[in-house]
Amino acid sequence: MDLLISSVLFCIHVLTIYCNTGTFGDVVVDRYDIPRVCPREVQTEDFIRYHFNGTFFADGKKFDSSHDRGNPFISQVGLGRLIAGMDRGLQGMCVNEQRRITIPPHLAYGSIGTGGVIPPDAVLVYDILLLDIWNTEDKVEIRSFGIPAGCNRTTVKSDFVRFHYNGTLLSGAAFDSSYTRNSTYDAYLGQGDLLIKGMEEGLLGMCVGERRIIIIPPFLAYGETGHGTLVPSQATLVFEVLLVDVFNPKDDLIFVVKEVPEGCTRRTVTGDYVRYHYNGTFQDGSAFDSSYKRNSTYNTYIGMRYVIQGMDKALHGLCIGEKRRITIPPHMAYGEEGVADLIPGSAVLVFDIHVIDFHNPKDPVDIKVTHKPKECTVTTEADDLIQYRYNCSLMDGTLLYSSEEFDSPSITTLGADKVIPGLEEGLRGMCVGEKREVVVPPHWGHGENGAGDVPRSAVLFFELELVNLQKGVPEGFMFVWLGDSPDPLFPAMDLNGDKQVPLQEFSDFIMLQVGEAKGRLRPGFDADTIIQDMFNNQDHNKDGKIVEDELKIQGDEESQQVKRDEL
């Protein structure tokens, strides 16, 4: 009873077994290892590549093995090129599937056997591992994924492409990878010299950053010859491809304006010196350089070939504060050679630039009056002592210095080389209460070396307000007459008429002239100290008083509106 049940179950499990005589009537297939994913099954007229071990059913003795020979077996299914049982047993098989095919004699080598290897009436057992399937009607199969948003260009014939890939056989066995070499594969499309035909086709229509699975049948790959030791004859190839870069030899510079400040009245031209920040990336977004990381702008003259051709061209026509994205093809960048360990050969470069400032070596100081009092009769000039408020910024608005940081406005004497020449220029001719905006190019400022927080070759922007003005006296003088001096001078100085002038009387006389606006002391110095020095210069015998014989007047021989005499 148990034997009967077992026989029934066996016949149900293997439907192709002939069960009435105890002999095999048809092929028996045991699919003992089936892959979870099977996109394609073997059909009639398919070509297949597979490994096998062949044994006799009777005693398990091996009679043939592709594994022992080290080469898979290749054949076409369903057209009589295999024994009939094998043709049947391979139908519906998946790549990487393992199955055991048991073939009765009449579907194998029959009652004659073959070659002294297969005896008559032998039942044969084949353990099969399917490695590959293809058909002469197959085309390149493309599966795209990870297509980047905003793809506005796809590959065409004559483009030069750089791509990474992992290459496997259809079974999943790896044979090559650009990643292990840490270098992209680079080639022109449509020239047929560096790429197999199927890869040429599979790379068309791709976007930079796109990933594809490209499945190439053998006759569009390496065909019967295979390639090296890892790609066997008649192998279907599977490439996982990432397109890194694409350009065409006819490409020109591409730029996209991202931001332009309002009120742009001047744009860069040849000969200008520009300071700009940038982030440099390849087309796939991977970074290769950044001025921001160095916390320093890149500075260069425009149109003088100090930078790569594409950047030199791209820097024309920019405003201060403008932001652009610039795409530079390799023939306008670093070409086929690239830059060692930084820029690969034939790389397209993408720069996001931000113009901080620019100037021309011939630029003057630019002065704009933003407020002027209605009454403006006295203006600043050399030797004047002035008080002023200021903010000093870079052209991108970065505040460097401000008088607001101090308790009182800044003080300087014009013409005394106490401030940079550009600021000196901006402070001349101002009225008290006047406000100005002054743009100072670096050759009027801190030059190529910068100073303190002022970067090298920086254009400076000043907001100025004149708070106070004391008219000055010429360099080397401590007191000047604003008109004609008394003539004779000594009687006017001898206020009490005693023929001698001590220090106090001398001081009273000078202060009287200042009070009546007939004379002027040098501003910014202590009046008592100045008067003491003037007195000492006239008291030749150092007896503490001046007499008429000691008095001498220093005359300014130049003809000027203001007579510059000092006692």
Side-chain angles (χ1 to χ4, degrees), residues 373 375-388 409-419 421 424-434 466-567:
E375 295 186 7
C376 180
T377 56
V378 180
T379 60
T380 55
E381 60 182 346
D383 303 316
D384 288 349
L385 182 73
I386 62 172
Q387 280 186 299
Y388 62 100
S410 294
I411 299 174
T412 193
T413 300
L414 291 180
D417 294 329
K418 301 297 183 182
V419 296
E424 178 99 28
E425 187 76 9
L427 289 167
R428 290 179 183 269
M430 289 187 77
C431 304
V432 172
E434 183 176 339
L466 187 64
V467 176
N468 193 20
L469 164 63
Q470 296 181 52
K471 300 302 294 182
V473 300
E475 184 67 31
F477 288 78
M478 303 303 288
F479 173 86
V480 295
W481 294 100
L482 299 180
D484 293 332
S485 61
D487 187 17
L489 178 58
F490 186 80
M493 186 187 303
D494 184 12
L495 299 179
N496 60 9
D498 63 355
K499 306 298 183 181
Q500 57 183 12
V501 180
L503 175 61
Q504 185 59 53
E505 189 173 14
F506 180 82
S507 178
D508 292 343
F509 171 75
I510 295 297
M511 295 307 296
L512 179 64
Q513 309 313 305
V514 172
E516 293 178 354
K518 295 178 180 178
R520 181 185 302 148
L521 289 169
R522 188 172 187 84
F525 292 85
D526 178 64
D528 291 339
T529 301
I530 294 176
I531 294 172
Q532 178 72 65
D533 288 344
M534 292 172 64
F535 181 82
N536 291 340
N537 288 337
Q538 301 300 322
D539 182 14
H540 296 292
N541 61 9
K542 308 305 178 188
D543 62 355
K545 59 184 180 295
I546 300 172
V547 296
E548 189 168 3
D549 290 343
E550 292 179 303
L551 185 63
K552 292 182 180 180
I553 300 176
Q554 296 180 4
D556 184 8
E557 297 178 357
E558 297 179 4
S559 176
Q560 300 184 23
Q561 183 177 0
V562 177
K563 186 177 180 182
R564 294 176 173 177
D565 290 339
E566 182 178 326
L567 295 175

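Reckoned from all heavy atoms, side chains included, excluding hydrogens, waters and symmetry mates.
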If you compare all heavy atoms of [X] against all heavy atoms of [Y], which two are closest, and at what distance to 0.1 Å?
X      : Y      : answer
Arg520 : Val473 : O-CG1, 3.6 Å
Pro486 : Phe509 : CG-CZ, 4.5 Å
Thr412 : Lys418 : OG1-CB, 3.3 Å
Val547 : Gln500 : CG1-CB, 4.4 Å
Phe479 : Gln513 : CZ-CB, 4.3 Å
Pro373 : Gly433 : CG-C, 3.9 Å

Taking atom CG as the centre, does Asp417 end up with more than 12 heavy-atom neighbours from other residues, nucleotides or ligands that are less than 6.0 angstrom away? no
Take atom CD of Glu516 as the centre, draw a 6.0 Å sphere, and report whether it contains more than 12 heavy atoms from other residues, nucleotides or ligands. yes
Is it the case that the side chain of [X] and the backbone of [Y] share a donor-acceptor pair, with hydrogens and angles ignored and the cut-off at 3.5 Å?
X      : Y      : answer
Asn468 : Ile386 : no
Glu424 : Gly415 : yes
Thr413 : Asp383 : no
Lys471 : Leu385 : no
Asp384 : Leu414 : no

Does the pair Val419 and Tyr388 meet the rule for a side-chain contact (heavy atoms from CB on, under 4.5 Å), with working shown? CA-CA 12 Å; Val419 296; Tyr388 62 100; 3.8 Å; yes
Asp533 CG to Phe525 CZ distance, which is reported to the nearest 0.5 Å: 10.5 Å
Quick one, Gln538 with Val501, criterion side-chain contact (heavy atoms from CB on, under 4.5 Å). Give me CA distance, side-chain angles, the key distance, then yes/no. CA-CA 10 Å; Gln538 301 300 322; Val501 180; over 6 Å; no
Using a 4.5 Å cut-off on heavy atoms from C-beta on, say whether the side chain of Met478 contacts that of Ile531. no
Side chain to side chain, Lys518 and Leu512, heavy atoms closer than 4.5 Å: no
Salt bridge (charged side-chain N to carboxylate O under 4.0 Å, His left out) filter on Glu425, not counting sequence neighbours, yields none
Set of residues satisfying side chain to side chain donor-acceptor pair (under 3.5 Å) with respect to Asp528, sequence neighbours excluded: none
Electrostatic pair Glu550-Lys545, nearest N-O below 4.0 angstrom: no
